[in-house]
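Scope of the values below: all heavy atoms of this structure, side chains included, with no hydrogens, waters or symmetry mates. Order of the sequence lines sets the chain letters (A, B, ...), proteins ahead of strands, with each chain counted from 1.
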There are 2 protein chains.
Amino acid sequence: MSDLQRDRILTCACELYLKDGLDGFSMRKLARDVGVTAPALYRHYQNKEHVLADVVREAFREFTAYLYRALEGRTPWERLARAGEGYLEFALEHPRWYEILFIAPEQMGMAALPDDLEAQGCAVHQFWVDRVRECMDQGLLRQGDPLQASLTMWAHAHGLVTLFNHGAFQVDVDTFRAQFRASGARMLMGLATDEFAAEAVEQLMGAEPVEVDSPTVKGMMQG
Amino acid sequence: MSDLQRDRILTCACELYLKDGLDGFSMRKLARDVGVTAPALYRHYQNKEHVLADVVREAFREFTAYLYRALEGRTPWERLARAGEGYLEFALEHPRWYEILFIAPEQMGMAALPDDLEAQGCAVHQFWVDRVRECMDQGLLRQGDPLQASLTMWAHAHGLVTLFNHGAFQVDVDTFRAQFRASGARMLMGLATDEFAAEAVEQLMGAEPVEVDSPTVKGMMQG
DNA sequence: GTCTATAATCCGATAGAC
DNA sequence: GTCTATCGGATTATAGAC
């Protein structure tokens, strides 16, 4: 069942995407890179959309490889910290791969994400929830909903790497790595002073002890 | 020096961008909406790039209007909290405006951002640094570099709204508002337990008491 | 200032010969 | 399985008449 030519097309498609981005990706360019004419591609792929779906699958393979190395850590904290490092390194070393994980399916000409890709996103998010939960169980992170806490951490990390990759910070990569860690440390320690923290939280959450419903995370990515 | 037709074109351009996004924006569509043929537009605008630059200027006008209302707050904390609310409401009510503030200039066919837009971004970022600094001065936020702390808060907020607007969370808007506040509260209070916080920070920052260089923020947005 | 007409490219996808 | 040829569409932008 192996289709060598299809594999060759996918390889070229990934290279083309990494080189020119989603906007610069076209079936005609892809055909040129493969060394055939454009119609020949349609013998192996139904259309552009299906090619891009395979490219996203490759992006997930790369991404999870970086993340799951964190499981070699021997303590919950080590695993969480290594997962954060892996997230950062992936985003820095492969910004185009990182980008396509968060691109809306409509931008790729899809009505919705294929089910298997949606499932991949859920699995990655579950990985984060598990890393947070075991730290809570050990008393390293404050008790609470691990899903909520993981969203806070994820949003912070995603925001930082997105802003950096878009060039909003004029710093070199090593400086940014230090910033990323320092900012993570501020999140763990808290931005408010001890005296003000309780009051600030109360003002933000309202008087009543709030229990926000857990969101259903559709996938880690791509709505 | 008023050019009424140019104003009309810009109005239609903003409506077209808000309706169809950057990908769906073309000079032909714009001409159709204005009620003229495409070449007529080039009497008033040099090219598409210049039209889009004016659209981004409008986005900044809207954005700063939301933000600067926060200055009506009577205390530093009230001003900071209101700024956060304004940021959230702007991103929720005008996701397309929010989006274009962070789009890379190359995606709009520009080599770089016009100087005045770059300056707008810097001004907005300075606004945030000022909100943080006055809270530090009052002992509400931990002492430190206001620029660093503001980046942590900004990344967190940007990450959350980006993920929500891209549809990664399957929650309604009101639930997300509550999540946004709750997540902000977690950032102020800190994710780690009091017992673990110091150790975690030390492990993240290294043994030596670290002073990360302040990044030069090129503009709040758009590298 | 607006028009018609057009240049010059690009795109995804298909029909049908070989 | 690949080719040539082509359909049908998009785009930015310009030349020149009115």
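- The nearest whole Å value for the distance from the NE2 atom in B/H50 to the P atom in D/dT12 is 15 Å.
- B/K29 has its NZ atom 12 Å from the C1' atom of D/dT11, to the nearest Å.
- Ranking D/dT12, C/dA13, C/dT2 by closeness to the A/K48 side chain, first place goes to C/dA13.
- Each of B/D33, B/D54, B/L30 was checked for a side chain to side chain contact (heavy atoms under 4.5 Å, CB included) with B/I9, and the lone residue meeting it is B/L30.
- Summarising the geometry of B/L18 relative to B/R96, their closest heavy-atom pair is O-NH1, 3.0 Å, with the distance given to 0.1 Å.
- Phosphate contact (OP1/OP2 of D/dT11, side-chain N/O of B/R28, threshold under 4.0 Å): present.
- Looking at residues two or more places apart in sequence or on another chain, you find a side chain to side chain contact (heavy atoms under 4.5 Å, CB included) between A/P95 and A/N165.
- Two residues, A/P39 and A/G24, neighbour DNA chain C, and the one matched to the more 5' nucleotide by heavy-atom proximity is A/G24.
- Separation of the B/Y87 and B/F180 ring centroids does not fall under the 6.0 Å cut-off.
- For A/R61, the side chain to side chain contact (heavy atoms under 4.5 Å, CB included) partners at least two apart in sequence or on another chain are A/E58.
- Looking only at atom types and distance, the side chain of B/D130 has a donor-acceptor partner in the side chain of B/Q126 under 3.5 Å away.
- Distances shorter than 4.0 Å separate none of the side-chain N or O atoms of A/T37 from OP1 or OP2 on D/dT2.
- The side chain of A/H44 approaches D/dT2 more closely than any other nucleotide in the set C/dG12, D/dT2, C/dC3.
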Applying ring pair (Phe, Tyr, Trp, His ring centres under 6.0 Å), run through A/F25 and A/Y17 and close with a yes or a no. CA-CA 6 Å; A/F25 184 93; A/Y17 165 73; 7.4 Å; no
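- Side-chain proximity of A/S26 to the nucleotides C/dT2, C/dG12, D/dA13 is greatest for C/dG12.
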Parsed dot-bracket for DNA chain C after applying the Watson-Crick and G-U rules with both distances under 3.5 Å and | for other-strand partners is ||||||||||||||||||
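- The nearest heavy atom of DNA chain D to B/E49 and to A/R43 marks one nucleotide each, and the one closer to the 5' end goes with A/R43.
- Between the CE atom of B/M27 and the C1' atom of D/dT14 there is a distance of 13 Å, given to the nearest Å.
- Distance A/L41 CG to C/dG12 P: 10 Å, rounded to the nearest Å.
- Between the OH atom of B/Y45 and the C1' atom of D/dT12 there is a distance of 17 Å, rounded to whole Å.
- Considering only side-chain N and O atoms, B/Q46 lies nowhere under 4.0 angstrom from the phosphate OP1 or OP2 of D/dA13.
- With rounding to whole Å, A/L30 atom CG is found 17 Å from C/dC10 atom P.
- Put simply, CG on B/L22 is 11 Å from P on D/dT12, counting in whole angstrom units.
- In this structure, the CZ atom of B/R6 is 14 Å from the P atom of C/dT2, given to the nearest Å.
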